[in-house]
Chemist: 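Dropping the structure in here first, questions after.
Hydrogens, waters and symmetry mates play no part in the numbers below; they use all other heavy atoms, side chains included. Numbers here are sequence positions counted from 1. Quick caveat: nothing in here was measured; it's all calculated off a predicted structure.
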Amino acid sequence: GIDTWIVDEKTYSVMEGLPSYYESSDLYVDINHATQEELMKINGIGQKLSAEILKTREAIGGFKTYEDLLQVKGIGEKLLEKISPYIEIK
């Protein structure tokens with residue numbers, strides 16, 4: 001099922017199964033500033049993939065769009081669709 005949270009008069013739908021330590025401020029990971037440990041909090045990103053994200057981020061000078069993440073070895077359309085709700089690009 002889906003839980004609904006109301007934070008600052010905005011409604012957020014959060015899928016069940018997220019760890020309980022996720023608070024509203026932790027729901028999104030800033031892909032351009034996150035550490036490897038922060039990236040690994042995203043369901044679907046493990047140690048190897050987080051290392052690839054950091055390597056690609058450095059090589060291209062940061063991600064400007066979600067599609068830029070497709071340049072990361074190991075991220076395809078399906079995974080991008082799965083992780084994009086938890087990522088923000090700043």
Side-chain angles (χ1 to χ4, degrees):
I2 293 183
D3 293 332
T4 302
W5 295 353
I6 298 175
V7 181
D8 298 331
E9 298 178 350
K10 291 180 185 168
T11 304
Y12 296 92
S13 292
V14 180
M15 285 181 278
E16 255 177 42
L18 280 178
S20 58
Y21 59 77
Y22 272 79
E23 295 171 15
S24 59
S25 61
D26 294 330
L27 277 177
Y28 303 102
V29 174
D30 178 353
I31 200 77
N32 282 319
H33 299 98
T35 63
Q36 186 169 359
E37 290 74 24
E38 288 168 334
L39 291 170
M40 288 170 60
K41 289 181 182 179
I42 300 171
N43 190 16
I45 297 180
Q47 191 167 359
K48 189 174 178 183
L49 192 53
S50 59
E52 289 292 335
I53 291 171
L54 295 179
K55 196 164 86 176
T56 303
R57 180 174 78 190
E58 193 172 317
I60 67 172
F63 300 102
K64 291 165 187 59
T65 66
Y66 288 105
E67 288 73 31
D68 284 351
L69 285 160
L70 294 172
Q71 297 177 51
V72 177
K73 184 180 174 189
I75 295 184
E77 295 278 348
K78 283 186 177 175
L79 183 57
L80 179 60
E81 197 174 302
K82 180 181 172 184
I83 65 175
S84 59
Y86 308 106
I87 291 173
E88 61 184 359
I89 297 175
K90 287 185 178 175

Chemist: Tell me the closest heavy-atom pair linking E38 and A34, and the distance in Å.
Modeler: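 That would be OE1-CA, 3.1 Å.
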Chemist: Pairs of donor and acceptor atoms involving the side chains of residues 72-81, under 3.5 Å and at least two apart or interchain, shall be tabulated with distances.
Modeler:
none

Chemist: In Å and rounded to the nearest 0.5 Å, what is the CZ to CG distance from R57 to L69?
Modeler: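 Atom-to-atom, R57:CZ and L69:CG are 10.5 Å apart.
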Chemist: Quick check for you: to the nearest 0.5 Å, what is the distance between D68 atom CG and T56 atom OG1?
Modeler: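 With rounding to 0.5 Å, CG (D68) is 10.0 Å from OG1 (T56).
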Chemist: I'd like to know if the side chain of N32 and the backbone of I89 have a donor-acceptor N/O pair within less than 3.5 Å.
Modeler: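 Not at all, since once roles are kept as given, no pair shorter than 3.5 Å links the two residues.
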Chemist: Name all residues meeting the side chain to side chain donor-acceptor pair (under 3.5 Å) criterion together with Q71; count only those two or more places apart in sequence or in a different chain, and write none if there are none.
Modeler: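 Q71 satisfies side chain to side chain donor-acceptor pair (under 3.5 Å) with no other residue.
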Chemist: Any chance you could measure K55, atom NZ, to I60, atom CD1, to the nearest 0.5 Å?
Modeler: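 Answer for the NZ-CD1 pair, K55 versus I60, is 13.0 Å.
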Chemist: Y66 versus I31: any side-chain heavy-atom pair under 4.5 Å?
Modeler: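 Contact flag for Y66/I31 side chains = no.
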Chemist: Between I42, I45, T35, which is the residue that forms a side chain to side chain contact (heavy atoms under 4.5 Å, CB included) with S50?
Modeler: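 Considering I42, I45, T35, a side chain to side chain contact (heavy atoms under 4.5 Å, CB included) with S50 is found only for I45.
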Chemist: Do you know which two heavy atoms are closest between M40 and Q47, and how far apart they sit?
Modeler: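 That closest heavy-atom pairing would be SD-CA, 3.7 Å.
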Chemist: Which heavy atom of I83 sits nearest to which heavy atom of N43, and what is that distance?
Modeler: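 Taking every non-hydrogen atom into account, CG2-O, 3.7 Å.
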Chemist: Report, as yes or no, whether the 6.0 Å neighbourhood of atom CD on E58 holds more than 12 heavy atoms from other residues, nucleotides or ligands.
Modeler: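 Count not over threshold, so no.
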